[in-house]
Undergrad: 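The following block contains the structure, expressed as structure tokens.
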Amino acid sequence: MTNVVTRFAPSPTGHLHIGGARTAIFCWLLARHYGGRFHLRIEDTDLLRSKQEYTDSILASMRWLGLDWDGELTYQTQRADVYSRYVDKLLESGHAYWCDCTPEEVEAMREEARQKGLKPRYNGRCRSRELGPGEGRCVRLKTPLTGKVVFDDMVKGRIAVDVAELDDMVLRRADGMPTYNMAVVVDDYEMGITHVIRGDDHVSNTPRQILIYQALGLPVPTFGHVPMILGPDKQKLSKRHGARAVIEYQRDGLLPQALVNYLVRLGWSHGNQELFTREELIEFFDGRNLNPASAAFDPAKLEWCNAHFMREMPLEELARLVAPFVKETGLGDLPQERLIPLCEMFRERANDLKAMAEAFRPLLVPADELSYVEKDANKHFTDAGKEHLHRLAPIFAACEPFTSESLDAALNAYVADNGLKFKQVAPPLRTALMGFMGGSHLKDIMAFLGRAETLARLQRAAG
RNA sequence: GUCCCCAUCGUCUAGUCGGCCCAGGACAACGGCCUUUCACGCCGUCAACAGCGGUUCAAAUCCGCUUGGGGACGCCA
């Protein structure tokens, strides 16, 4: 395959959702794999529901996911005259006709068909009336009376539909605007699109669009219909399932490469490989091995995937990414040199940036504001426990320099010299430092805290 | 109602055009090891070819039917 050109064509009536994001990723990957082009087209012909803020949001999400597009953005509303020209061509060639049936009349026809148990459709009343242009008139396609429309879908294989199932669809509305199917065909043709990858819900539109391509005498692109993403309960994804827009995952502290990796594996596979670098994705994604069955979204696996990338990424980068979350958590602005050791201590203990930032809290509040988990405090701040803290304080105070290594040595010496077991000393110390039985290595915690904070915590806990 | 599509462990999936699959990997769950906590890591356990008929020496893989899902039937996209 050479000269692959794909496009992602969202309509700006909402934020970019994970379903759309996955479609975009597939389109982007296919283009990048074959060294082709990937275009972005804003399908904003629904004037009532389209909003600029949604376009902005979608673009922001695309950038965040790292899906760069080629060339300029296309807005359908700016191309009304282009679509009209193509409709006129169809009128001239006899492939389309004017219709003055009102929407109410058409609805009556459909209702009548429904009553008879037939497929609801326009009955072709104006098909041979030879009407000309006029107020309130739309233009319809003169659908062939017999035959089948057949196409080979990249994911579903051969699909065949009898034209008898299709009615004479509207190409240009009474207000002069093109309908979706008309605009899509014209745009895809003019943009040179070779592969149309889109959601499953468009399969039934495909035969209609192919009919338009044929009437126009244009080459038909290759189609690939990816199944929709279901909720964890196998039901249609909805607000009930929590976060669905990629912007929400971004706000929750997910890494874009994790979301991309997870989404791409939902419906596509490369043997048993689960984790991919972006380069591998581009190398392996050739448009094959797409699963025709719909997949359920599994938040747990997404988390696992995210945790993986957090552990793999350079600390400096992780520190930079977590900074805004630390600030948002109310822990203030921290310099990189403070953030890096924190990330090193907690990256393996958090599944996302937000949770990691929250895990920093015990180490960032002053000793007297540290909150204790009651259960742990009661259990470990015993007389014996406090005694250890009392005796440890001067030992740590004497550590010079106050580093992870010297603290570790001092703590080990204390345990050994007194014939103790680590289990006797570590729990009260940990609870004094963290407020609960969790966190990273004691030596690292103390080194990060510094001498004054460490001693203040021991003193407070020892009473 | 009509048309189209789909169907392997709880979930994502491998299974390249029938045999090497009494079905493999990953997430989750559970158990263990490691360990000063929590994690990470490692080891292990549980667990699926929707059902029924064909075709064939041989079927998760091919065909048909049934059942169960989903989608579409707009002068929305």
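Convention: sequence-line order gives letters A, B, ...; per-chain numbering from 1.
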Undergrad: From CE of M446(A) over to P of U37(B), roughly how many Å is that when rounded to an integer?
TA: 15 Å
Undergrad: Rounding to a whole Å, what distance do you find between Y83(A):OH and A77(B):C1'?
TA: 12 Å
Undergrad: For the pair Y213(A) and F223(A), name the ring-plane relationship: parallel under 30°, tilted 30 to 60°, perpendicular over 60°.
TA: perpendicular
Undergrad: State which of U11(B), C6(B), C75(B) makes the closest approach to the side chain of P292(A).
TA: C6(B)
Undergrad: Is there a Watson-Crick or G-U wobble partner for A26(B) with both distances under 3.5 Å, and which nucleotide is it?
TA: U11(B)
Undergrad: Who is the Watson-Crick or G-U wobble partner of C3(B), with both distances under 3.5 Å?
TA: G71(B)
Undergrad: Counting only Watson-Crick or G-U wobble pairs whose two distances fall under 3.5 Å, which nucleotide matches G41(B)?
TA: C33(B)
Undergrad: OP1 or OP2 of A77(B) sitting under 4.0 Å from any side-chain N/O of R173(A)?
TA: yes
Undergrad: For Y262(A) and Q257(A), test the side chains for any donor-to-acceptor distance below 3.5 angstrom and give the result as yes or no.
TA: no
Undergrad: Quick one: look up who C17(B) pairs with, Watson-Crick or G-U, both distances under 3.5 Å, and put none if it's unpaired.
TA: none
Undergrad: If only side-chain N and O atoms of T179(A) are considered, is one of them under 4.0 Å from the OP1 or OP2 phosphate oxygen of C75(B)?
TA: no
Undergrad: Using only heavy-atom distances, decide whether a donor-acceptor pair under 3.5 angstrom links the side-chain of D200(A) to the base of G71(B).
TA: no
Undergrad: Could you tell me the Watson-Crick or G-U partner of C46(B), where both distances fall under 3.5 Å? Say none if there is no partner.
TA: none
Undergrad: Please figure out whether D408(A) or G157(A) has its closest RNA chain B nucleotide nearer the 5' end.
TA: G157(A)
Undergrad: Tell me which of L118(A) and D168(A) sits closer to the 5' end of RNA chain B, going by the nucleotide each one is nearest to.
TA: L118(A)
Undergrad: Taking the minimum atom-to-atom distance to the side chain of E348(A), which one of A39(B), C75(B), C12(B) wins?
TA: A39(B)
Undergrad: Quick one: K379(A) NZ to U37(B) C1', roughly how many Å, whole number?
TA: 10 Å
Undergrad: Does G199(A) reach a base, just sugar-phosphate, or nothing at all? Heavy atoms under 4.0 Å.
TA: nothing
Undergrad: Of the non-hydrogen atoms in D352(A) and M310(A), which two are nearest, and what is the gap between them?
TA: CA-SD, 3.5 Å
Undergrad: Taking only N and O in the side chain of R311(A), is any of them less than 4.0 Å away from OP1 or OP2 of G41(B)?
TA: yes
Undergrad: Using a cut-off of less than 4.0 Å, is there contact between a side-chain N or O of R110(A) and OP1 or OP2 of C75(B)?
TA: yes
Undergrad: Go through C38(B), U36(B), A77(B) for me and flag the one nearest to the R349(A) side chain.
TA: C38(B)
Undergrad: For H380(A) and T431(A), does a side-chain donor sit closer than 3.5 Å to a side-chain acceptor?
TA: no
Undergrad: Ignoring the backbone of H441(A), work out which of U37(B), A7(B), C4(B) is nearest its side chain.
TA: U37(B)
Undergrad: Look at the rings of H388(A) and Y414(A) and say which category their plane angle falls in: under 30° parallel, 30 to 60° tilted, over 60° perpendicular.
TA: perpendicular
Undergrad: Of the options A28(B), C75(B), U36(B), whose atoms approach the side-chain atoms of C138(A) most closely?
TA: C75(B)
Undergrad: If you check the S269(A) side chain, which of C5(B), A14(B), A77(B) turns out closest?
TA: A14(B)
Undergrad: Measure from the side-chain heavy atoms of V161(A) and tell me the nearest of A7(B), C3(B), C75(B).
TA: C3(B)
Undergrad: Classify the side-chain pair D187(A)/Y83(A) by whether it contains a donor and acceptor separated by less than 3.5 Å.
TA: yes
Undergrad: Identify whether a stacking contact exists between W304(A) and C27(B), where the ring centres must be under 5.5 Å apart and the planes under 30° apart.
TA: no
Undergrad: Hunt down the Watson-Crick or G-U wobble partner of C52(B), both distances under 3.5 Å, from any strand shown, or write none.
TA: G64(B)
Undergrad: As a test of reading the structure: which of C3(B), G71(B), G1(B) is closest to the side chain of D201(A), going by heavy atoms?
TA: G71(B)
Undergrad: Among A39(B), G10(B), C76(B), which is the nearest nucleotide to the side chain of D298(A)?
TA: G10(B)
Undergrad: Out of U2(B), A14(B), A26(B), which nucleotide sits closest to the side chain of K119(A)?
TA: U2(B)
